[in-house]
Amino acid sequence: MTTHEQIDRIIRFDGGGLPVVSLYVQVEPDGSPHTDGDVQTRVNSLLDPVRAREKDRSVETGARRSLRSDLERITRAAADSRWKPGMMALFSCAGQDFFEEVSLPRSIRDRVVVDGTPWVRPMLAVLQEYRRMCVLIADDAAAQIWELHQRDIREVRQLRDPSLRKPDYAYGKVEHRIHNKGEELAKRHHRRVVATLGDLFRAEGFDLLAVGGQAHQVSTVTGFLPRELRDRLAGTFTIDAATATPADVRHAAETVMDAYERQEQRTLVAEITEAVAEHRWAALGLEPCLWAGSVSAIDRLAVTDGVEAPGVVCDRDGWMALTGDACAVCGGTVRATADVVDELIEAVTNDSGTVRHVRVDTDLPGLGARLRFPLPPKPSVLV
């Protein structure tokens, strides 16, 4: 499982004058017809520019030696055939004994970059879409706290507090006293569980919260949640804490996560559509969103899952469009790209915006965006 520590380690790494190889490669399930060759073949092809640099005598000897080892490490990793379907990001600087692999849950374009630091923007663009969910399962005396991230589940903590065993018989005042004592112990337990959740949130952070158990226990726990946790409550579910397996927990948590994200996607598209109709700060459609991305106006981008389009990009000022022989802003040379939507997603991420892929049926015409400010007029050549 990808951890905060691993991502932070990659982001903070510096080659110290040595090159860092960053490689992204798609991993399809066995037998899939949707890729050009197997992973090992595509990795070898992606590494061609790195091989050329390693053989370039104008490159410093230590850097070439490090690249040679990087090539060996990455090729060996691809040959192991142990990667799960999705996307693999590899970062290597052999001269500094640095090598990291990150499994990404969504495919992006294959690419390789050699620079003085890891090229993390594509990885962060994908990871920001996948929330870290804290999953609590509680009864009146015990609790399990789990973490769901990128479809992986792991247990974080267990809690147990004193409880009363149900007596064989109890009548009148004795029964009433035992019942009250049991309720008080359960409330103390639930308060302790919620306090532990708060400590975890402040120490490690999580984006969403799901609470499971029997209906009355779930209701009690959620009633104790402070606002900082209640605002992150994505949903609840019924489960038997005593018999639930990790697979049961994962299935229940994913069901809550999927329902939450579907509703969030619908809400985002509705907000953008309404804002456009009311002439507020929003854009709908491919060309308006490309212009908004060109001027760094996008705060939140909604992308219909799977949408792609060829286009052109000016690497000097960030202008993006579907067609053009020269940049409409500076008049400079443009670069053709097989997928200008991918370029837009990267630009939005670089500008500290957020991206949400829409996987439910909506009226979104491919792309939509909430904006930071009104769009300036397009250059005359774009009109």
Check: Is there a side chain to side chain contact (heavy atoms under 4.5 Å, CB included) between Leu197 and Cys134 once you walk through the steps?
Finding: CA-CA 9 Å; Leu197 281 180; Cys134 180; 3.6 Å; yes
Notebook entry, point to check: Do Leu233 and Val211 pass the side chain to side chain contact (heavy atoms under 4.5 Å, CB included) test, and can you show the C-alpha distance, the side-chain angles, and the key distance before you say yes or no?
Noted result: CA-CA 8 Å; Leu233 184 62; Val211 178; 3.9 Å; yes
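- No donor-acceptor contact under 3.5 angstrom links the side chains of Thr267 and Glu271, judged on distance only.
- Interatomic distance, OG1 of Thr255 versus NE2 of His251, reported as 4.0 Å (0.5 Å rounding).
- Counting heavy atoms from C-beta on, the side chains of Val112 and Val50 come closer than 4.5 Å.
- Side chain of Arg53 to backbone of Pro49: no donor-acceptor contact under 3.5 angstrom is found.
- A donor-acceptor contact shorter than 3.5 Å is absent between the side chain of His190 and the backbone of Val218.
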Margin query: Does Arg372 form a side chain to side chain contact (heavy atoms under 4.5 Å, CB included) with Trp281? I'd like the steps, not just the answer.
Written below: CA-CA 7 Å; Arg372 297 186 175 102; Trp281 298 355; 5.8 Å; no
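- Electrostatic pairing of Arg42 and Glu28 does not count as a salt bridge here, judged by no charged N lying under 4.0 Å from a carboxylate O.
- Counting non-hydrogen atoms of neighbouring residues, nucleotides and ligands closer than 6.0 angstrom, the CG atom of Asp8 exceeds 12 such neighbours.
- The side-chain heavy atoms of Ile7 and Leu127, taken from C-beta on, include a pair separated by under 4.5 Å.
- Looking at Ser219, its side chain never comes within 3.5 Å of a backbone N or O of Ala215 through a donor-acceptor pair.
- Applying the side chain to side chain donor-acceptor pair (under 3.5 Å) test to Thr75 and every residue at least two apart in sequence or in another chain returns nothing.
- Note that CD1 of Ile272 is 6.5 Å distant from CG of Leu364, once rounded to the nearest 0.5 Å.
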Margin query: Before you tell me yes or no, could you show the steps for Asp152 and Lys84 under salt bridge (charged side-chain N to carboxylate O under 4.0 Å, His left out), namely the whole-Å CA-CA distance, both residues' side-chain angles and the distance that decides it to 0.1 Å?
Written below: CA-CA 12 Å; Asp152 288 328; Lys84 64 182 182 180; 3.3 Å; yes
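- Not a single donor-acceptor pair under 3.5 Å links the side chain of Asp115 to the backbone N or O of Val21.
- Proximity of Asp342 to Arg111: side-chain heavy atoms (C-beta onward) are separated by under 4.5 Å at one or more points.
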Next item on the list: Could you check Arg76 against Asp80 for salt bridge (charged side-chain N to carboxylate O under 4.0 Å, His left out), going step by step and ending with a plain yes or no?
Entry: CA-CA 6 Å; Arg76 188 165 56 249; Asp80 285 345; over 6 Å; no
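- Remark: Thr245 pairs with Ala247, Asp248 by the side chain to side chain contact (heavy atoms under 4.5 Å, CB included) rule, at least two apart or across chains.
- In summary, the side chains of Gln263 and Gln265 do not present any donor paired with an acceptor at a separation below 3.5 Å, with no hydrogens or angles considered.
- Note: the hydrophobic cluster containing Leu136 also contains Leu225 (ILVMFWY, side chain heavy atoms under 4.5 Å, direct or indirect links).
- When the options Thr304, Leu284, Thr362, Val360 are evaluated for a side-chain contact (heavy atoms from CB on, under 4.5 Å) with Val269, the one that passes is Thr362.
- In this structure, Tyr24 is a member of the same hydrophobic cluster as Val20, with clusters built from ILVMFWY side-chain heavy atoms closer than 4.5 Å.
- Note: the hydrophobic cluster containing Val126 does not contain Val358 (ILVMFWY, side chain heavy atoms under 4.5 Å, direct or indirect links).
- A continuous path of ILVMFWY side-chain contacts below 4.5 Å connects Ile239 to Leu208, so both sit in one hydrophobic cluster.
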Next item on the list: May I have the step-by-step check of salt bridge (charged side-chain N to carboxylate O under 4.0 Å, His left out) for Glu147 and Arg154, ending in yes or no?
Entry: CA-CA 5 Å; Glu147 180 187 70; Arg154 70 181 181 97; 3.0 Å; yes
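- The shortest distance between side-chain heavy atoms of Leu71 and Arg51 falls below 4.5 Å.
- Of all heavy-atom pairs spanning Ala302 and Leu268, the tightest one is CB-CD2, 3.8 Å.
- Under the 4.0 Å criterion applied to side-chain N and carboxylate O atoms, Glu254 and Arg250 are assigned as salt-bridge partners.
- Transitive grouping of hydrophobic side chains (ILVMFWY, heavy atoms separated by less than 4.5 Å) keeps Val256 and Val156 in distinct clusters.
- Listed for the Asp56 side chain is a donor-acceptor partner under 3.5 Å among the backbone atoms of Ser58.
- Considering only heavy atoms from C-beta on, Ile145 stays 4.5 Å or farther from Val135 through its side chain.
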Next item on the list: May I have the step-by-step check of side chain to side chain contact (heavy atoms under 4.5 Å, CB included) for Leu209 and Phe201, ending in yes or no?
Entry: CA-CA 10 Å; Leu209 172 66; Phe201 171 67; over 6 Å; no
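- Side-chain atoms of Trp291 and Pro379, non-hydrogen and from C-beta on, do get closer than 4.5 Å to each other.
- Between Thr220 and Asp140, the closest side-chain pair of non-hydrogen atoms is not below 4.5 Å.
- Distance alone, capped at 3.5 Å, places no donor-acceptor pair between the Arg132 side chain and the Phe206 backbone.
- With a 6.0 Å radius and a threshold of 12 heavy atoms from other residues, nucleotides or ligands, Asp325 has its CG atom at or below the threshold.
- From Met133, atom CE reaches atom CD of Glu261 across 8.0 Å, with rounding to the nearest 0.5 Å.
- A donor-acceptor pair is defined here as one N or O able to donate and one able to accept, closer than 3.5 Å; such a pair exists between the side chain of His189 and the backbone of Asp139.
- Counting only distance, with no hydrogens or angles, the side chain of Trp319 and the backbone of Val334 share no donor-acceptor pair below 3.5 Å.
- How far CD1 of Ile11 is from CG of Leu124: 5.0 Å, rounded to the nearest 0.5 Å.
- A donor-acceptor pair is defined here as one N or O able to donate and one able to accept, closer than 3.5 Å; no such pair exists between the side chain of Gln214 and the backbone of His216.
- Thr117 and Asp14 are not linked by any side-chain donor-acceptor pair at a separation below 3.5 angstrom, with hydrogens and angles left out of the test.
- The CZ atom of Arg230 lies 9.5 Å from the OG1 atom of Thr222; values are rounded to the nearest 0.5 Å.
- Defined by atom type and a distance below 3.5 Å, a donor-acceptor pair is present between the side-chain atoms of Thr41 and Asp38.
- Once rounded to the nearest 0.5 Å, the distance linking CH2 of Trp119 with CG of Leu23 reads 10.5 Å.
- Enclosure of atom CZ in Arg316 is not indicated, since only 12 or fewer non-hydrogen atoms of other residues, nucleotides or ligands lie within 6.0 angstrom.
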Checklist line | Glu264 and Arg359: CA distance, side-chain angles, deciding distance, salt bridge (charged side-chain N to carboxylate O under 4.0 Å, His left out) verdict | finding: CA-CA 11 Å; Glu264 183 187 53; Arg359 300 177 176 88; over 6 Å; no
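- Here the side chains of Thr349 and Glu346 are not in contact, with every heavy-atom distance at 4.5 Å or above.
- Enclosure of atom CG in Asp361 is not indicated, since only 12 or fewer non-hydrogen atoms of other residues, nucleotides or ligands lie within 6.0 angstrom.
- Using a distance-only test at 3.5 Å, with no hydrogens or angles considered, a donor-acceptor pair links the side chain of Asp70 to the main chain of Ala94.
- The heavy-atom pair separating Asp351 from Ser296 by the smallest distance is OD2-OG, 3.0 Å.
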